[in-house]
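A quick write-up on the structure given underneath.
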Amino acid sequence: MAAVTETLETVDALAAQKYKYGFETNIAMDEFPKGLNENIVKLISAKKNEPEWLLAWRLKAYALWRSMEEPDWARIKHPPIDYENLYYYAAPSGPEPKSLDEVDPELIKMYDKLGIPLNERAALAGVDSPNVAVDAVFDSVSVATTFRETLSKAGVIFCPISEAVREHPDLVKEYLGSVVSIGDNYFSALNSAVFSDGSFVYIPKGVRCPMELSTYFRINARNTGQFERTLIIAAEGASVSYLEGCTAPMRDENQLHAAVVELVALDDAKIKYSTVQNWYPGDAEGKGGIYNFVTKRGNCKGKNSKISWTQVETGSAITWKYPSCILKGDNSVGEFYSVALTHNYQQADTGTKMIHIGKNTTSTIISKGISAGHSNNTYRGLVKILPGASGARNFTQCDSLLIGDQCGAHTVPYIESRNMSAKVEHEATTSKIAEDQLFYCRSRGLSEEDAVGLIVNGFCKDVLKELPMEFAVEAQKLLAVSLEGSVG
Amino acid sequence: MTALPTRKLEAWRYTELKSLAAISFAEPKPAKISAPLPDLGLPRIVFVNGSFNAALSNAPDFVGPFAKVLDDSALPLVQINAANAQDGITIDIPAGIDAGAIMLISYANAAEPIAFHPRHRIVLGTNATLTIIEVALGQGVYWHNPVTDITLQEGATLGHYRLQDESAEAFHLATIRADIAEKAAYESFSLVVGGKLSRAEFHTNLNGPNASTHLNAAQLLRGRQHADFTSVVGHKAPNCASRQTVKSVLFDHARGVFQGRIEVAQIAQKTDGYQMNQALLLSPHAEIDIKPELEIFADDVKCSHGATIGALDPEQIFYLRSRGIPEDQARAMLIRAFLTEALEPVTHEAARTFLEDAIETWWARK
């Protein structure tokens, strides 16, 4: 019997190692009753002291959501989501902390454990610490935002969106829902009704944001959905690089994450949005994990503007996510760089939409999908050239890599062109890791697992090099860890 | 009657059949031939307004009459065909026979709108070979909804070359289903120049090891023509190859559609799948919609697809013009060169000449 227990312990330890962010933090929480109805929407709005217009907006979204049906076109399978069995609001109890010193030390400890520096001094003192301002979102609320003073000196607004609603109502009113309308899809309607927090960024005219901005999302409470909302506006000539990271504890039940991210780039503005998505993917049998239904869209509203999405998706039981660009301004540029890795029973259906409206707009799509175990990995994308988009250019490359014969790799691109002067090029390949590459690495003394890790990193190089440095290092490690147990 | 598919169905997202649904079609009546039918000196099977015409045909022995079959297909157009089919041919080539080449002609002459739904069955025994040159043409408003079922047994080879040159007011919605056994090959090429609204939908299954298929096409469209090429290739055995090269040349307000899906089952290791679709947009109002899809459940495969969309390269035109070739001729040369790759599976010499002539005729029509 002892041996059995020991084996079990070893297995547990191994499992924990693979997903090292799977711990839970015990903290006193305020939660609203389970389920969703108008009252919950009103409660969330009241809790945040929101103005009338926002409550009305939420209620409209709620009514719309009730009238909509969950989309079924993606290549994902899951038992029906019981929207009445979720908590729509969970936050650490007690009064809102006014400064970092007032934040519950348990929370600070948790973020330290995750490697997210909430302590400004520590971050400044460390030589290799990144110069990054962090907004930390814990379940439904933002618990801390660092470097706010440094940023405000430059005129940059970086704060929780609930605060922006109070402090900068005109900006929020103008841009909230301007890129992703409330009725855009089922999950955006749900998010619009119940979003609780998220980050708000405004970079004023001509300002180059002095440091990287980052939001760190953490789901902690049980049975809770996280519905954050991020809004980033770069005014004329402004530029910003924004990083997003996500983790959640390991649990047997599936948890829902339905976020909306909206980006607006005015004339000559640049927004770079990088994500390392590492929500809990579920265990080796496909039990548990986050259902990640996210709507991300950027509007290159001004001429010469640029929006660039880079994502490394290794987590979540289900990923349903299509960061897109509306290329409205003449000469605007959209980019999408993606690595999606699925293992065990994970399912990813992800890609992008590039909508070319303005003249001489260009877009680049580089997507790398890696499937292992029993997983399914789908690239789904749309390139649409409207009649007015003269001189538009698109280049798309989607490559899939299969590791093992129990997984699936799928590519579903849509290309629609209505302008003769536009040029569209698309390439897609699917293959397995080449035997000769493996053999070469093995003959130089690498273990099979390390060899696969190396080859996968090479396969993803075109995307990883787009990530900010500190993220790129983390992403490489993450790929290796996520592939553990996929060979041999 | 089964309802026509709508754009709500993913398989029909780019082709709208409302203009077809708005017409009430009468039963076809016998009609006169008012234009010469193509003659390549080959055995010929002629259908007029959807009915076999014995007087115009000189069918070889292996061509049998229409036999009604039960069909539980989920495809709406096949269901409509199954409910309405009244004529068609059955071809049965015994094992080991090289049956040469035949022509299959559908001619329509519609004084009032008519609809016909022929059903053809073609079976090639082990190592048998056959070439079919299929031509659809006509006058007036009509709906031609043919379904062709093809079975190729081990080592059989079928060359299937199609010219769709229907009337400018016609609807042509063809479904071709092919089951391909070990080492058998289905080689097809479709040239689309006619019809107001047309679609050729291929469902091809590679069921035995080393089976192969070409599903190539060229869509040359003008005015407000709409042509859709849709294919689903199922790789269901190891070591099979599928090749698709589809080219569209679009003038005026024409709209071209390509939807191609390669499905690779887990057992189908060493699959080699390739799709290439290219479109030339030659007018500010032309539109192309492309959806190449890979669905792969085996790991040791080589599958790829490529797509390019654009206008003729001005540098290439300049190059030719600087050598004294008039602009119009230069464009014709470049377009012909653009189409060459798609014609590759047409190995039958007379068929190739016939199709190249059809491209020339189309070019001269403008």
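Note on naming: letters A, B, ... go to the chains in the order of the sequence lines (proteins, then strands), and numbering restarts at 1 for each one. Every heavy atom of this structure was used, including side-chain atoms; hydrogens, water molecules and symmetry mates were not.
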Engaged part of B/Gln266 at the chain A interface, taking heavy atoms whose separation is under 4.5 Å: side chain
Residue B/Glu263 versus chain A: region with a heavy atom under 4.5 Å: neither
Top contributor to chain A contacts, counting heavy-atom pairs under 4.5 Å, from B/Val264, B/Val257, B/Leu282, B/Asp300: B/Asp300
B/Thr308 and its side-chain contact (heavy atoms from CB on, under 4.5 Å) partner, picked from A/Glu425, A/Glu427, A/His426: A/Glu425
Single hit among B/Ile309, B/Asp289, B/Leu250 for side-chain contact (heavy atoms from CB on, under 4.5 Å) with A/Ser417: B/Ile309
B/Arg261 versus chain A, the contacting section by heavy-atom distance below 4.5 Å: neither
Proximity breakdown for B/Phe258 and chain A, heavy-atom pairs closer than 4.5 Å: neither
Distance (rounded to the nearest 0.5 Å) between A/His410 NE2 and B/Phe297 CZ: 4.0 Å
Interchain contact, B/Gln278 with chain A, by part (heavy-atom threshold 4.5 Å): neither
Closest-packed option against chain A by number of heavy-atom pairs under 4.5 Å, given B/Val301, B/Leu281, B/Leu294: B/Leu294
Of B/Arg13, B/Gln259, B/Glu293, the residue whose pairing with A/Tyr414 passes side-chain contact (heavy atoms from CB on, under 4.5 Å): B/Arg13
Region of A/Ala428 in contact with chain B, defined by heavy-atom distances below 4.5 Å: both
